There are 2 protein chains.
Amino acid sequence: MTDARPDVDAGTAGPPAGGPPDGVRPDVTHPRPTLDSVAARAGVSRQTVSNVLNLPHLVRAETARRVSAAIAELGYRPHRAAQQLRTRRSRLLGLRVELSAGDKVFDRFLHALTEAADLRGYRVMLYTAGDDEAEIAAYTELRGRWDIDGVVLTTTHPGDRRTAHLAGAGLPCVTFGRPWDDSDHHPWVDVDGAAGTAEATRHLVGAGRRRIAFLGWPAGSAVGDDRLAGWAAAVAAAGLPAPEPGRSVNDPQEARRAADALLDTVRPDAVVCASDLLALGVLSALTARGRIAGRDVAVTGFDDTDIAALVGLSSVAQPLSEVASECARLVTELVEDPRRADTPERLLLAPRLVVRDSSSGPP
Amino acid sequence: MTDARPDVDAGTAGPPAGGPPDGVRPDVTHPRPTLDSVAARAGVSRQTVSNVLNLPHLVRAETARRVSAAIAELGYRPHRAAQQLRTRRSRLLGLRVELSAGDKVFDRFLHALTEAADLRGYRVMLYTAGDDEAEIAAYTELRGRWDIDGVVLTTTHPGDRRTAHLAGAGLPCVTFGRPWDDSDHHPWVDVDGAAGTAEATRHLVGAGRRRIAFLGWPAGSAVGDDRLAGWAAAVAAAGLPAPEPGRSVNDPQEARRAADALLDTVRPDAVVCASDLLALGVLSALTARGRIAGRDVAVTGFDDTDIAALVGLSSVAQPLSEVASECARLVTELVEDPRRADTPERLLLAPRLVVRDSSSGPP
DNA sequence: TGATCGGCTTGGAACGATCCAATCGTTGGT
DNA sequence: ACCAACGATTGGATCGTTCCAAGCCGATCA
């Protein structure tokens with residue numbers, strides 16, 4: 001349930017009592033309660049009921065009590081469509097549904113965002129788009145026809161034109177992901193990837209590792225460069241060497257090859273990886289040469305996917321619930337007070353390392 | 001955000017072209033076009049415009065043309081909230097967002113459903129619920145306040161009380177998943193698990209395997225029993241023995257143990273598994289004893305998850321796009337013509353085996 | 001020619017909420 | 001005791017669409 005208000009509903013206690021399978025009364029018979037019917041019952045006017053709900057300070061306590069009772073008895077709930085027609089607010093947030101790469105990250109974000117939005121009286125409405133241009137085209141429809149109040153964007157990248165369009169259309173938005181170029185005139189929430197790899201690196205240093213390599217994606221990826229930077233800074237801070245990083249795209253075969261090359265050339269006693277999939281490549285390469293992850297070479301991944309838990313891989317976990325609830329907060333605040341657009345908030349949240357066998361053996 | 005893609009900038013083609021970043025006109029100045037403004041422009045009445053859109057056969061061709069032109073010029077789009085207020089139809093479908101088990105199944109279904117619904121002029125709205133009772137409680141809010149037209153349920157199970165409640169409340173629904181007990185007075189779409197394991201079994205028979213075992217979940221799981229039945233039927237049809245099935249919950253360690261036991265006692269030359277995770281247990285057990293999957297023992301999984309593709313595991317894939325589009329069709333048809341509730345459609349779609357190395361070597 | 005019929009078209013009412021201006025009832029000041 | 005000021009409450013208008021019953025018009029038929 002969503003509402004924080006005193007809604008009765010009841011319906012719970014009573015046993016099914018046999019007979020037709022509805023503890024729920026078929027509301028078809030009873031017409032839906034409206035402001036007027038509540039007002040009639042409480043012996044006040046329509047507007048007073050509305051005030052009780054929206055501007056309680058205008059109503060005398062005694063009156064408010066009577067009205068609340070009537071609301072509860074009738075099971076009244078304001079009708080969104082009517083509110084929306086009058087106020088031009090839908091309390092609907094748009095979210096583009098992505099085919100995630102199998103890491104449950106988007107899934108979990110989606111779940112958390114739905115809950116966080118719910119707490120604020122908003123709902124998440126989905127849309128799809130083949131690419132950014134299609135998404136930009138979809139905004140017209142989403143705004144004009146469905147009247148969404150705001151948008152949550154999830155995969156920012158350099159040269160992202162979406163936020164500029166949204167700003168131009170006056171549609172509030174937040175991004176999960178920082179803007180990777182200058183255009184940051186919108187609020188955003190992101191996870192500090194560099195802090196994550198840095199924490200992983202420090203953990204390895206603390207475990208006695210001295211030759212810590214990095215396996216990342218090809219240079220030029222914003223997210224990837226960020227994660228690399230964290231490792232580089234941490235090894236430098238520890239006074240350790242920073243061997244040339246390995247590079248691979250996110251593909252099992254390719255990752256395995258890159259891991260092999262890295263093990264051969266660098267001969268590290270630990271590898272920090274930019275993703276769990278890359279880390280799996282390292283684990284596989286280690287197994288193939290009869291070496292044991294966590295004992296011979298420590299390995300860490302990134303994103304704390306199911307696979308990581310499955311194979312005992314230490315991994316950096318993103319605080320997705322927090323990200324989602326901040327996204328919900330920022331975008332709804334912007335909806336409810338557009339002046340905030342002038343001073344957008346930016347949040348960089350710290351991830352946290354989940355330690356498993358792959359990094360906890362003796363050095 | 002996280003994104004596993006190493007996205008190089010690209011920056012696409014078009015230069016920002018300088019100037020303010022909006023090809024979009026700020027509609028703030030021009031008030032939103034309404035039926036009335038379109039009517040004025042076309043020189044007809046409000047209702048005629050509405051008829052052009054909703055009941056075109058009532059309007060003379062020439063008039064319709066004029067009206068259409070006016071609609072196009074003004075960029076008019078009917079306002080959902082107003083329509084909804086009048087017609088009591090929101091064109092919103094509710095879907096409970098689940099924390100899936102890491103197999104991308106729910107993700108892909110979600111994406112496909114959003115697209116399929118879109119094609120029919122509907123949108124998917126998300127909600128969460130801790131358990132079925134909470135979900136049932138949420139219906140009141142979703143229906144009464146958000147006015148959703150229908151619900152798509154995704155994880156049916158024996159003793160599922162949700163559909164009965166929805167029927168009682170008169171809220172249309174479809175389930176992805178057949179009802180596992182008698183109460184099937186609602187349309188549903190499901191994937192024929194038995195057909196899937198049967199196909200996998202026949203494939204193994206065709207590849208020369210003669211001692212085909214089954215590794216499933218503990219008895220009593222509806223989905224699991226179904227998948228087992230397909231295997232049992234197929235081995236029987238081939239005149240092969242049906243060894244006692246192995247049983248394990250969906251846990252890596254446990255699956256490995258069960259696989260070991262199965263290999264020891266049954267000594268099969270092929271194993272059909274009820275899930276990819278169980279199949280991974282078999283693969284792991286094989287590797288540990290120096291035997292090669294696909295050559296010594298053929299293995300198939302179920303669900304065609306990423307992991308299956310990753311390790312070259314043959315797996316039964318569900319036709320999720322089709323499931324989603326049928327779900328969308330069934331629920332929207334029900335919304336638009338409630339009489340169909342008397343004769344609910346039921347669809348059992350056949351999955352398809354994706355053959356990989358784990359089952360394609362010589363017997 | 002005038003009444004009848006059907007096809008299009010029309011304006012008014014309704015959906016259920018909020019905004020607004022006006023009203024009512026108290027209280028306080030003089 | 002009267003008026004002003006203020007707080008609480010009221011009825012009417014409004015958002016943009018669809019439903020409804022009535023109206024207009026030209027064509028058909030007696």
Side-chain angles (χ1 to χ4, degrees), chain A residues 3 5 27-28 30-68 70-71 74-92 121 143-147 149 336, chain B residues 27 30-68 70-71 74-91 121 143-147 149 336:
Chain A
D3 216 333
R5 272 181 227 115
D27 287 317
V28 202
H30 289 292
R32 157 188 246 296
T34 72
L35 268 190
D36 274 311
S37 58
V38 173
R41 174 136 191 158
V44 298
S45 80
R46 185 175 8 115
Q47 177 72 32
T48 301
V49 179
S50 172
N51 286 342
V52 170
L53 295 173
N54 302 321
L55 305 163
H57 62 278
L58 291 182
V59 182
R60 193 164 42 193
E62 161 55 20
T63 311
R65 204 161 15 229
R66 273 214 324 283
V67 170
S68 298
I71 289 178
L74 295 177
Y76 168 79
R77 283 155 192 277
H79 190 80
R80 273 261 91 78
Q83 289 182 311
Q84 182 180 347
L85 180 59
R86 194 68 182 95
T87 62
R88 320 248 44 163
R89 287 270 152 77
S90 62
R91 302 189 85 88
L92 242 32
R143 160 77 139 190
R145 198 158 159 65
W146 291 93
D147 233 33
D149 285 345
E336 282 153 27
Chain B
D27 288 317
H30 290 291
R32 160 190 245 295
T34 71
L35 269 189
D36 274 310
S37 59
V38 173
R41 174 137 192 156
V44 298
S45 79
R46 186 177 4 118
Q47 176 72 32
T48 301
V49 180
S50 172
N51 284 343
V52 169
L53 295 172
N54 302 322
L55 306 163
H57 62 279
L58 290 183
V59 181
R60 195 163 40 189
E62 160 57 19
T63 311
R65 205 161 16 227
R66 274 215 324 283
V67 171
S68 299
I71 289 177
L74 295 178
Y76 167 79
R77 284 157 189 277
H79 190 79
R80 274 259 91 80
Q83 290 182 311
Q84 183 180 346
L85 180 58
R86 194 66 183 96
T87 64
R88 321 247 46 167
R89 286 272 152 76
S90 62
R91 302 192 83 88
R143 158 78 139 193
R145 197 157 157 68
W146 291 92
D147 234 30
D149 284 345
E336 282 154 27

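Everything numeric in this text was worked out from a predicted model, so none of it was measured. Chain letters run A, B, ... following the sequence lines, proteins first, then strands; residues in each count from 1.
- Taking atom CZ of B:Arg60 as the reference point, atom P of C:dG7 lies 13 Å away to the nearest angstrom.
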Item to complete: Do nucleotides 15-22 of chain D as a string where each nucleotide becomes B, S or -: B if the base has a protein heavy atom under 4.0 Å, S if just the sugar-phosphate does, - if no protein is that close.
Response: BBBBBB--

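- Atom CZ of A:Arg88 has more than 12 heavy atoms from other residues, nucleotides or ligands within 6.0 Å.
- Between A:Val59 and A:Val67, the closest side-chain pair of non-hydrogen atoms is not below 4.5 Å.
- In this structure, CG in A:Asn54 is found 7.0 Å from CD in A:Gln83, a value given to the nearest 0.5 Å.
- Axis orientation changes by 60° from one end of the helix from C:dT1-D:dA30 to C:dT30-D:dA1 to the other, with each end axis drawn from 5 pairs and the value rounded to 10°.
- Regarding A:Asn51, its CG atom lies at a distance of 12 Å from the C1' atom of C:dC20, rounded to whole Å.
- The minimum heavy-atom distance between B:Gly75 and B:Pro33, with the atom names listed, is O-CG, 3.9 Å.
- The CD-P distance, from B:Gln84 to C:dA17, rounds to 12 Å in whole Å.
- If you measure from atom CG of A:Leu58 to atom C1' of D:dT10, you get 14 Å, rounded to the nearest angstrom.
- Between A:Asp147 and A:Leu92, every side-chain heavy-atom pair lies at or beyond the 4.5 Å cut-off.
- Computed from coordinates, the A:Arg89 CZ to D:dT14 P distance equals 22 Å when rounded to whole Å.
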